[in-house]
Amino acid sequence: QDVQKETEPHVYLSKEEVKEKIQSYNSSVTDKLKMTLNANGIYTGFIKVQMELCRPITVQSSQSQGRCPHSNNETAFYLPDGCVNTLHISSTNTVREVIEALLKKFFVADNPAKFALYKRCHKEDQVYTCKLSDREHPLYLRLVAGPGTEMLSFVLREHETGEVMWEAFSIPELQNFLRILDKEENEQLQMLKNRYAAYRDKLEEALGGVWKPG
């Protein structure tokens, strides 16, 4: 069960507190994705982000990198469920920067404003999901929660339907969406036709067995 929960207040840690937490974090890591504290107080580490996207994304081919956006070398498709990606970030990176880096890493051409980063945690047999603000720092949240994904995990989603910024979509993207919807509609329609055709055949077969001539 997903329950919306307000963002918890940011607690500022001293350099010594950060050092202690990083040492504790690294001692608990089981996947070798440790954090590193630099001399300037900035620390780096890894976060895993699960992709939970309902709408198709637009991916730019490697040949079209650096060319005009929304070229003919873009393809819109649905991302498989359960896809998880790992990012190496710093404590200064904001949610907005993490979203942009994640999309850039996988050549996603969609406007980052279409997406939101959520944090998810388990408490008392319930799943709490909260949308993070653009100014929050995911690596800080990871450090405070520890490495366990049951304590905290990150999820990338589209904005809720009522929050969709349709002006952020280009004309080619909208046309791609329409083509995908038309294809899905035709597939569903064909499935219904096939189902009722089979039902009709069985019904006519049954009627033929009952109403024999003579």
Side-chain angles (χ1 to χ4, degrees), residues 2-53 57 59-60 62 65-66 79-124 126-159 163 168:
D2 276 7
V3 180
Q4 288 296 119
K5 186 180 180 184
E6 292 186 1
T7 305
E8 297 177 1
H10 186 100
V11 178
Y12 290 94
L13 303 175
S14 66
K15 187 174 181 179
E16 189 60 35
E17 288 173 326
V18 169
K19 182 178 180 180
E20 292 176 0
K21 280 193 172 294
I22 289 178
Q23 290 174 344
S24 175
Y25 182 98
N26 289 342
S27 66
S28 303
V29 166
T30 58
D31 54 11
K32 299 182 180 180
L33 300 181
K34 296 185 177 183
M35 293 195 187
T36 302
L37 179 62
N38 299 316
N40 58 5
I42 296 174
Y43 51 96
T44 59
F46 299 85
I47 62 169
K48 295 181 179 180
V49 181
Q50 182 170 349
M51 314 289 275
E52 291 185 357
L53 304 179
I57 58 173
V59 175
Q60 199 172 35
S62 58
Q65 296 299 309
L79 199 67
D81 292 334
C83 180
V84 177
N85 294 294
T86 302
L87 284 179
H88 184 249
I89 62 173
S90 81
S91 56
T92 62
N93 289 133
T94 62
V95 164
R96 179 52 47 188
E97 290 171 335
V98 166
I99 293 175
E100 291 173 353
L102 187 61
L103 299 181
K104 183 178 180 180
K105 179 179 179 180
F106 295 96
F107 307 121
V108 178
D110 297 273
N111 191 323
K114 301 174 188 176
F115 304 94
L117 192 66
Y118 290 75
K119 67 175 182 178
R120 178 186 290 159
C121 58
H122 297 259
K123 290 184 180 180
E124 299 177 355
Q126 278 193 313
V127 179
Y128 293 87
T129 305
C130 174
K131 185 171 74 172
L132 300 172
S133 73
D134 287 348
R135 297 183 301 275
E136 291 190 76
H137 298 86
L139 194 61
Y140 165 81
L141 298 176
R142 180 78 279 163
L143 175 63
V144 172
T149 54
E150 72 281 356
M151 296 299 297
L152 173 74
S153 60
F154 295 104
V155 180
L156 184 72
R157 293 177 177 174
E158 300 96 343
H159 283 294
E163 301 174 339

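Both backbone and side-chain heavy atoms feed into the values below; hydrogens, waters and symmetry mates do not.
Atom-to-atom distance recorded for Leu143:CG and Glu17:CD is 11.0 Å, nearest 0.5 angstrom. For the atom pair NZ (Lys21) and CE (Met35), the distance works out to 10.5 Å, reported to the nearest 0.5 Å. A distance of 12.0 Å separates CD in Gln23 from OG in Ser28, rounded to the nearest 0.5 Å. Note that the OG1 atom of Thr86 and the CG atom of Leu102 stand 10.0 Å from one another [nearest 0.5 Å]. Separating the NZ atom in Lys104 from the CD atom in Glu97 is a distance of 12.0 Å, to the nearest 0.5 Å. Once rounded to the nearest 0.5 Å, the distance linking CG of Leu103 with CG of Leu156 reads 6.5 Å.
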Practice prompt. Go through Val98 and Phe154 one step at a time and tell me if the side-chain contact (heavy atoms from CB on, under 4.5 Å) criterion holds.
Written response: CA-CA 11 Å; Val98 166; Phe154 295 104; over 6 Å; no
Discussion item. Does Lys114 form a side-chain contact (heavy atoms from CB on, under 4.5 Å) with Val108? I'd like the steps, not just the answer.
Written reply: CA-CA 12 Å; Lys114 301 174 188 176; Val108 178; over 6 Å; no
Discussion item. Between Glu100 and Arg96, does the side-chain contact (heavy atoms from CB on, under 4.5 Å) criterion hold? Intermediate values first, please.
Written reply: CA-CA 6 Å; Glu100 291 173 353; Arg96 179 52 47 188; 3.7 Å; yes
Practice prompt. Kindly determine whether Gln50 and Thr149 satisfy side-chain contact (heavy atoms from CB on, under 4.5 Å), including the steps that lead there.
Written response: CA-CA 11 Å; Gln50 182 170 349; Thr149 54; over 6 Å; no
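More than 12 heavy-atom neighbours from other residues, nucleotides or ligands sit within 6.0 angstrom of NZ on Lys105.
The minimum heavy-atom distance linking Val29 with Leu33 is given by the pair CG1-N, 3.6 Å. Scanning all heavy atoms of the two residues, the minimum distance from Leu139 to Ser91 falls at CD2-N, 3.7 Å. Nearest heavy-atom pair, Arg142 versus Phe46, reported as atom, atom and distance to 0.1 Å: CG-O, 4.1 Å. Across Tyr140 and Tyr43, no two heavy atoms sit closer than the pair CA-OH, 3.4 Å.
Across Val95, Ile99, Val155, a single residue satisfies side chain to side chain contact (heavy atoms under 4.5 Å, CB included) together with Leu132, and that is Val95.
For the pair Asn38 (side chain) and Asn40 (backbone), a donor-acceptor distance under 3.5 Å is absent. At least one donor-acceptor pair under 3.5 Å links the side chain of Lys15 to the backbone N or O of Ala39.
At least one side-chain heavy atom of Ile47 sits less than 4.5 Å from a side-chain heavy atom of Val49.
Scanning for ring pair (Phe, Tyr, Trp, His ring centres under 6.0 Å) contacts around Tyr25 gives an empty result, with sequence neighbours left out.
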